[in-house]
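What follows is a single structure, written as C-alpha cells, with notes after it.
In what follows, every heavy atom counts, from backbone to side chain, and hydrogens, waters and symmetry copies are set aside. Within every chain, numbering begins at 1; the chains are lettered A, B, ... in the order of the sequence lines, protein sequences first and strands thereafter.
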Amino acid sequence: MSRYSAAEIEPKWQKAWDEAQVFRAERSKDKPKYYVLEMFPYPSGRIHIGHVRNYTMGDVIARYKIATGHNVLHPMGFDAFGMPAENAAMASGGHPKDWTYNNIDTMVGQMKPLGFGLDWSRMFATCDPEYYGQQQALFLDFLEKGLVYRKNAVVNWDPVDMTVLANEQVIDGKGWRSGAEVERRELTQWFFRISDYSEELLDALDSLDNWPAKVKLMQANWIGKSRGLQFSFGLVDGPEGHDRVEVYTTRPDTLMGASFIGISPDHPLAKLLERENPEVAEFCKMARQGGTTEEALEKAEKLGFDTGLKCRHPFDTAWELPVYIANFILMDYGTGAIFGVPAHDQRDFDFATKYGLPVISTFVPASGDHTLPEDGGAAFVPPKTETVRWTKPFNWDEMATGEQAINAAIEFCEKNGVGQGVTKFRLRDWGLSRQRYWGCPIPVVHCDACGVVPEKKENLPIELPYDEGGKPIDFSIPGNPLDRHPTWRDAPCPACGKPARRETDTMDTFVDSSWYFARFTAPHADTPTDMAEAEYWMNVDQYIGGIEHAILHLLYSRFFARAMHICGHLPEKSKEPFDALFTQGMVTHEMYAGAVTTKEAGTRYDKDEGEVIAAGRETRSKYYYPEEVVRFEFNGKPKALIAKAVEKAFPEGKPDNATLNEFWETERRKKRKVGEEDISLDVFPSAKMSKSKNNVVDPVQIIDQYGADTARWFVLSDSPPERDVEWTAAGAEAAAKHLARVHRIVSDIATGQDGPQAGDEQLLREMHKTIQDVTNGVDSFGFNAAIAKLYAFTNTLAKSKAGTEAKKQAARALAQLMAPMTPHLAEECWQMLGGEGLIAQAPWPVADEHMLVDDTVTLPIQINGKRRAEIEVPKDMDKAEVEKIALAQDAVIRVLDGAQPKKVIVVPGRIVNVVI
RNA sequence: GCCCAAGUGGCGGAAUGGUAGACGCAGGGGAUUCAAAAUCCCCCGGUAGCAAUACCGUGCGAGUUCGAGUCUCGCCUUGGGCACCA
C-alpha cells in the first residue's frame, strides 16, 4: 500500500497529459466542439483564491466535456493593460512593461501546478504588440464603418497635478495624491457608437436563454429604454438665439405640476450666461466640482442658481416658470434640461423646498388618507403601474395608472402640437480615450492640413515607446508620458506625408477584453481573427466569470461582436458571442486597516481623560495582507495587530487575547511621527478581494502544503459557486484528509482479496445514483452538491462488504466522477485499479436507469402540514391504498380522536397530508 | 441616491411548493496506542422531559396554499454595479 503524496503524483500526471496533448485544441470534424472560457485575469502579481475558484470551475467543465466526447477549446491569457502597472512604476520606479511581464511569468508559474486542462499554446497578453496591433486594425475598420467618432466629454481633472484622474482616484471629490478639489473638465475624446445598438442589445437579451436572469435584468436597466415627451418651453425675453428651452420628460402626465425649469451647467444657455454674468460663472464653476460618477452627482447636495429668466407653460401662456441652473442635471442625458415637479419627485421636492418654489400635486392616492406634499406631506411617488386619482389630468380618466396617463399625455401633446413622443435610452456612447501610457495606442495621426487621419494598416502595430530619448520614462511625473515624449509623437501624415502628431490617448482596457475570446480561436493570425477558425470555434459555449462584470464588460463585448461582424471579423452567429454564462460569486475576505501619520499630533489635556494626543493628528489608511497581521477577538470584537510588532514584543510566542488586547490599547494611544504606521489595526467586514485593499488570499501556500487537488477540491466544496464565499483557512486540511482517504480506500480495494461478497447489488445501486447525481451536479454548476454526494458515496464504499469486483467497479466510477475536480488523484486511482489509458481521456460513466429506482418509498404522513409519522410502501401503490394505511397509523388515530378528516391529500411517491 | 442580489445550527452550506438542517468543519464522547500522530465508531438547532415525546425554529412583518426556506407584498441588514479599478 502506498501513501497519498500530491507532490509526487501531480507533476507526474501533468507531464503525462502534456505528452498525450490532451488539452491541445485542433479543429476536427469527428467530434462536436465545445469552447469553455473563464474571464482572463489581470496580472496583479500573484494569483488569488478567486482565480483558483474561477479556473477550477472552468476546468471541471472542460474535462467533463472531453469525457463526454467533445473537442474542447479551453484557453488562457492576460488582461494586461491598466493602471496598476503605472501606479507600481510611479511608486517604486521600474517600467510598466517589465512589471507586467514579470507578473505574468509569476502567475503562469503559479497556475501550471494547479493542473488546469488549458491549451497553453494559445496564451497571449493584451499588451503583446501582436495582440494590440490587431486591436488597432479593428479600430481602423470601426472608424471606416463609422462606429467610432470624436466628441467632447467630461473627465475628472486634478488642477494641482494637471492630470486626468480615474474615478477610483477621486476620493470624496478630491484627488488621491494631490488632495485637490477635483473639477469636471471637457476634453475631445474618442467614442464607440454603442448607443446606436441600444434597441438591438436590449431586444437580443431575450435570446440569451442560458444567461442568468439577473444579469439580463441588470443590462436591460442599464440600457434603460424609456418613452417620453420632448417639447419646449418658450423663453420670455431670452438672450439672442435662445427663444426656448427644449426638455425631455418621462412623466409628461405631471406637466400641470411643473414649478421650475432646470438646466445643466453645461447647457448652451448656461454657458452663454456664464460668459456674461460672473455670478453665474461662479455657480457653474462650483457645480462642476466633484467627481464625474453618477453616484457622486446623485449624492451631492442639490444646488440651483436662479437665472432670473422665465419660461411660459405650454398650456397656459400666462403661467411663468423660473429657469434654474442645477448641479444635478446631466448634459449627456435627454436634452440637458428638465421641468421640475416637486409634488411627485423627491429630488425636485427637496429643491423646491430649498428655493421656496411652489409644490403642485397632479394626482393623489386612489383611496385612503393623504397629506398633500404642498401641505407638508412627502413627495408622492407611486409605481407607474399603480392606479391613482388625478386632480390635474388633461385628457384621461380621473382614475388611471401613471402608464395610462403618460400615454394619454403624449397623444394629447402630439395632437396639440406641443411636443413629440420620443423613445430614449439611458445607454451612452462608450468613451474609450484614456490619457495614459499603459494602454493600446489609438492609431490615428493629427495633421494640420488633413485633420484626423487614420494610420496605414501596414504601419501597425503602433508600439508604445519603452524609453524617452534613451532614458527610462519617468512615471513619477503626473500626466501622460506619451504626451510629453520628445520623439514618439512625431509621425508623418499618412495622407499628405507632412510632419504631423500621433494621437496620444490610449484605449480603455475594456476594449482589450471585448474581443479576446474571438482572438483565442486564432491567437497568432495576422488579421484580428481567422474566419475559418472563428466559424468553427465560436461561440463560447460556456463563459464563466465574476458577477461584477455583469454590465460593462459583457455589454461592451456584445457590442464588439456586432461591430466585428459588420467588419467581417466574426460570423453572423457570433453577434451574441456567449451562448451560456455563469456568474460566480466573489471570494471575499475581511480587511485590516491601520493609520499612517501624515501630520503629527499635538497634545491636549483633558481633565477627565488626562493627556489626549490624537488632537490635530492627520492620517491616511493603509491596508495589510492577512498574513501580515495577528487577528484576535476581544469581547466579541475582532481586532488586529501588525504581526511583526507582536513577534517583537512577545518573542516567546503569541500571547492570549487579553494580553493582545492590552497591547492593542497601549499601542493605539501612542504618539506617532510623520510616516510612522500604527501597530493596532481595525478589522473591516468582508468585501471583494481587491488589490488596493490588500485582502487577497494567496493560494500558493495551500498548494505547497497539500497539493493542487486539495486546493481544487476545497474551492469547489462547501459554497455554491454563484454565491460569494468568505475565505477561511480552516477546511483545507479536511479536504486533504478526504483525498488521502480516497487514495487509501482505492489502494486497499486494488490490492485486496475477495471479501464476503455481500451487498454487491446495493453498492452498485448507490454507484449508479451517484453517477446520476454528480453528472447532474456538474451539468448545472452544482459542484458543492456533487461533492457532497461524492463524500457520501466514499463512505458507502468504505463500509461496503461487497466483493472485490463490485468494489473495483464502484471505485473506478468514483475516480471518474472525481476526475474533473481532482484530476491527478483520479489518474493515480485509475492506474491502481487497472483502468485503460488516461482517465482524462476515458469516456464519462453513464447511469443505468434500472438501477436508479427503488421498489419501495418512504412517505411522510403530515397532519395539517406537520409531520407525524412515516410509512414504507411499494412505489406504485395506488392512492386509496396509501390513504388507508396512512389513516391507520397510531399517531393519526390519536390526533383524529375518532373524528373524520376533512380531506386527505396523497402525492404519490412524495407525501400524505391529512387535513382535520 | 438609482439598479441587481443574498440572508437557514457555533461555522460553510443541503432541500423539483412536500420529512428543514444532506455533506463537511468545529465541538463532545469512545476504540486503538506505553504515549502520540494517523485511523475507526458514536453524539451534535433551541426549550422542557429519565424517556417516549411535545412545543419553537430558515433576517423581520403580513399574505397565497392542504402544505412555504422555496411563491407574493412591505421592511431590515449585508454584498455587487453605477460608465476612467479590472
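If you look at A/F560 and A/F192, their ring centroids are closer than 6.0 Å. Ring centroids of A/Y132 and A/F81 are separated by less than 6.0 Å, placing the two rings close together.
In this structure, A/V215 reaches neither bases nor backbone, as no heavy-atom distance under 4.0 Å exists between it and the strands shown. No engagement by A/S717 is indicated, since no non-hydrogen atom pair under 4.0 Å with the nucleic acid exists. Among the atoms of the strands shown, base atoms are found under 4.0 Å from some heavy atom of A/K299. If you check every strand for non-hydrogen atoms under 4.0 Å, A/K866 touches sugar and phosphate atoms only. Heavy atoms of A/P720 sit under 4.0 angstrom from primed sugar atoms or phosphate atoms, though from no base atom.
Of the candidates B/G18, B/A86, B/C3, B/C3 carries the atom nearest the A/N221 side chain, counting heavy atoms from C-beta on. When the nucleotides B/A83, B/C85, B/U19 are ranked by their closest atom to the side chain of A/R428, B/A83 comes out on top. Checked against B/A83, B/A22, B/G1, the side chain of A/E298 finds its nearest nucleotide in B/G1.
A/I905 has its CD1 atom 12 Å from the C1' atom of B/G17, to the nearest Å. In this structure, the CD1 atom of A/I442 is 13 Å from the C1' atom of B/C84, given to the nearest Å. Computed from coordinates, the A/F510 CZ to B/A83 C1' distance equals 8 Å when rounded to whole Å. Taking atom CG on A/L427 and atom C1' on B/C3, their separation rounds to 14 Å, with Å as the unit. Put simply, CD1 on A/I547 is 12 Å from P on B/C82, counting in whole angstrom units.
Between A/L208 and A/R558 the shortest heavy-atom distance is CD1-NE, 4.1 Å.
Using a 4.0 Å cut-off between charged side-chain N and carboxylate O, A/K302 and A/D348 make no salt bridge. A/K879 and A/E883 are not joined by a salt bridge, as no carboxylate oxygen comes within less than 4.0 angstrom of a charged side-chain nitrogen. A salt bridge is defined here as a Lys NZ or Arg NE, NH1 or NH2 lying under 4.0 Å from an Asp or Glu carboxylate O, and A/E294 with A/R426 meets this definition.
Aromatic ring orientation, A/H549 versus A/H553: perpendicular (interplanar angle above 60°, classes split at 30° and 60°).
Here A/T509 reaches the OP1 or OP2 of B/A86: one of its side-chain N or O atoms lies under 4.0 Å away. Of the side-chain N and O atoms in A/N776, none sit less than 4.0 angstrom from OP1 or OP2 of B/U16. Contact annotation: A/R867 does not reach the phosphate of B/G67 (side-chain N/O to OP1 or OP2, under 4.0 Å).
For residues 429-437 of chain A, proximity to RNA chain B is found at A/G431, A/S433, A/R434, A/Q435, A/R436, defined as any non-hydrogen atom under 4.0 angstrom from a strand atom.
The base of B/U19 has none of its N or O atoms less than 3.5 Å from a complementary donor or acceptor on the side chain of A/R868.
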Evaluate A/T504 against A/D483 for side chain to side chain donor-acceptor pair (under 3.5 Å), listing each step before the verdict.
CA-CA 6 Å; A/T504 57; A/D483 218 19; 3.0 Å; yes
Under a 3.5 Å cutoff on both atom distances, Watson-Crick or G-U, what's the dot-bracket for RNA chain B ([ ] crossing, | other strand)?
(((((((..(((.....[....))).(((((.......))))).((((....))))..(((((..]....))))))))))))....
